[in-house]
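Convention: sequence-line order gives letters A, B, ...; per-chain numbering from 1. Keep in mind that this is a model prediction, so the values were computed, not measured.
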2 protein chains.
Amino acid sequence: MSEGVEWALHTCLNLTWVEDDRAVPAAMLAAFYELPPAYLNKQLQALVRAGILTSTSGPRGGFRLARRPEEITVLDVVVAIEGPQEAFACTEILRQGPGGEPGVDYRKTCVISQTMRQAELTWRRELAGRTLADLRATVEERFPAAPGQTRRRLADARA
Amino acid sequence: MSEGVEWALHTCLNLTWVEDDRAVPAAMLAAFYELPPAYLNKQLQALVRAGILTSTSGPRGGFRLARRPEEITVLDVVVAIEGPQEAFACTEILRQGPGGEPGVDYRKTCVISQTMRQAELTWRRELAGRTLADLRATVEERFPAAPGQTRRRLADARA
DNA sequence: GATATGTTACTCGGATATTTAATGTCCGAGTCTACTGGG
DNA sequence: CCCAGTAGACTCGGACATTAAATATCCGAGTAACATATC
């Protein structure tokens, strides 16, 4: 799985602590964890395309959450970066085997495909059940200093 | 996820229908699904290293299951091909952030890491609960012709 | 007929290319800000 | 003092390198089977 998933999740979580009317530039979000700014920018673009973030150009521009943290699941972020296709991609090799027929959809009938799909479904369900609000609440409970620290670090130095 | 996982699972399942005292060469297993023989061989080597298959050189040589189908889980095969590391690799970027400390294992404390790990755990549990024997039984129930067809196709043409 | 032996063909195993995807970098288009000059 | 106009700097967005990994291939080492010759 791409490293960008980790960056995207941490960045989105950090954005939950920023006031709604303020956008944070990619450079500042990257500096937070000493990440390559241009490459993080690339990942954030994917989040914008997925409708998770909105972007603003020009001075005072940057990124902010497109909807409330309660409405953004961890799965949303993962899918935005990794793409919607499943990790196990059934290529239907049964069709090439003896008794394989062209008209059959082996992604549906193949027992192995079903097993892998089922496992991946539980994985997705798990991630779809956690929102950014859940993560934020857990962090605030365990590390009360984190929100203020994050907000201060992402605060506009020009203000 | 690597395409080799699909090949390995189908191949191992096919081997459950072969008599225990007979080994099947990689070339024959590859011909079954029209796969590139040398590359499938490479994947099978990984299964041998993982203790799932045993290999025999020379004439009448080939691969066979190292233990009974009841003792081989789908997860075993996946891990043999993909490696033991988790799909989501936490790089502990929190350490680079404000308040990050060198001594802390952020793979344990980070809420995001915990969430991803938890989801992956359910995925693994699902795959660990299915053995090759389970798959074989399901296939035999739904497609009674499959076992004979497979055994015949993998039968030694020289016999 | 049985046995020892040399030859042959077969199979795996790892070393070596090739292709694809992930990672990383750079520069231009657009936009908002802030300043400047005039009314 | 207020307002319109303009220059400037900031930010994203996508196009362009670079690196790592998956995919695919090839040839040699070892081994078991078979044929052969001998006892």
Side-chain angles (χ1 to χ4, degrees), chain A residues 1-8 11 15 21-31 33-64 66 78 80-83 85 87-89 91 93 154 156-159, chain B residues 1-8 11 15 18 21-31 33-50 52-64 66 78 80-83 85 87-89 91 93 154 156-159:
Chain A
M1 180 171 304
S2 167
E3 191 178 5
V5 173
E6 186 182 9
W7 300 0
T11 299
L15 283 175
D21 59 346
R22 269 258 309 290
V24 185
M28 200 173 296
L29 292 167
Y33 295 119
E34 300 179 12
L35 304 175
Y39 191 32
L40 177 64
N41 189 1
K42 192 185 184 68
Q43 312 284 2
L44 297 181
Q45 286 176 33
L47 294 175
V48 171
R49 279 192 293 270
I52 294 172
L53 300 184
T54 60
S55 61
T56 315
S57 282
R60 295 277 186 175
F63 296 89
R64 72 191 76 184
V78 172
I81 301 295
E82 289 287 298
Q85 69 283 5
F88 178 84
T91 61
I93 63 177
L154 293 181
D156 194 337
R158 298 158 297 187
Chain B
M1 181 170 303
S2 168
E3 192 179 6
V5 172
E6 186 181 8
W7 301 1
T11 300
L15 284 174
V18 174
D21 59 345
R22 267 258 309 291
V24 184
M28 199 172 297
L29 292 167
Y33 296 119
E34 302 178 11
L35 303 175
Y39 191 33
L40 177 64
N41 189 4
K42 190 184 185 66
Q43 312 284 1
L44 297 179
Q45 286 176 32
L47 294 175
V48 170
R49 279 192 294 270
I52 295 172
L53 301 183
T54 60
S55 62
T56 316
S57 282
R60 295 277 187 176
F63 297 89
R64 72 191 77 183
V78 172
I81 301 295
E82 289 287 298
Q85 69 284 3
F88 178 85
T91 61
I93 63 176
L154 294 180
D156 193 337
R158 298 159 298 191

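When the P atom of dT23(C) is taken as reference, atom CE of Met1(A) falls 11 Å away, rounded to whole Å. Between Met28(A) atom CE and dC10(D) atom P there is a gap of 12 Å when expressed in whole angstrom units. At whole-Å resolution of the value, CD in Glu6(A) and P in dT23(C) are 11 Å apart. Atom C1' of nucleotide dA21(C) and atom CD of Gln43(A) are separated by 13 Å, given to the nearest angstrom. Protein atom CG of Leu40(A) is 17 Å distant from nucleotide atom P of dA22(C), rounded to whole Å. Atoms CZ (Arg22(B)) and P (dA32(D)) sit 18 Å apart, rounded to a whole Å. Note: CG (Leu53(B)) to P (dC12(C)) measures 11 Å, nearest angstrom. If you take CG of Leu35(A) and P of dG24(C), they are 9 Å apart, rounded to a whole angstrom.
Of the candidate nucleotides dG24(C), dT11(D), dC10(C), dG24(C) has the atom nearest to the side chain of Trp7(A). Considering only side-chain atoms of Pro59(B), the nucleotide from dT11(D), dA32(D), dG13(D) that sits closest is dA32(D).
Contact between the side-chain N/O atoms of Thr56(B) and the OP1/OP2 oxygens of dA32(D) is not found at any separation under 4.0 Å. For the OP1/OP2 pair of dG13(D) and a distance below 4.0 Å, the side-chain nitrogens and oxygens of Ser57(A) include no atom meeting the criterion.
Under a 3.5 Å cut-off, the side chain of Arg22(A) and the backbone N or O of Arg64(A) do not form any donor-acceptor pair. Listed for the Glu6(B) side chain is a donor-acceptor partner under 3.5 Å among the backbone atoms of Thr91(A). With hydrogens and angles disregarded, a donor-acceptor distance shorter than 3.5 Å links the side chain of Glu82(A) to the backbone of Ser2(A).
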What pairs of nitrogen or oxygen atoms, one from the protein and one from nucleotides 14-22 of chain D, lie under 3.5 Å apart?
| unit_1 | atom_1 | unit_2 | atom_2 | d |
| --- | --- | --- | --- | --- |
| dG14(D) | OP2 | Gln45(A) | OE1 | 3.3 |
| dG14(D) | OP2 | Arg49(A) | NH1 | 3.4 |
| dG14(D) | N7 | Gln45(A) | NE2 | 3.3 |

Intermediate values then yes/no, side chain to side chain contact (heavy atoms under 4.5 Å, CB included), Phe63(A) and Val24(A): CA-CA 5 Å; Phe63(A) 296 89; Val24(A) 185; 5.9 Å; no

Carefully, step by step, assess Leu47(B) and Thr11(B) under the rule side chain to side chain contact (heavy atoms under 4.5 Å, CB included). CA-CA 11 Å; Leu47(B) 294 175; Thr11(B) 300; 6.0 Å; no

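Residues Leu29(B) and Asn41(B) have side chains not in contact (no heavy-atom distance under 4.5 Å, counting atoms from C-beta outward).
Not counting sequence neighbours, Phe88(B) has no partner by the ring-ring contact (aromatic ring centres under 6.0 Å, His included) test.
Among the heavy atoms of the strands, none lies under 4.0 Å from Ala27(A).
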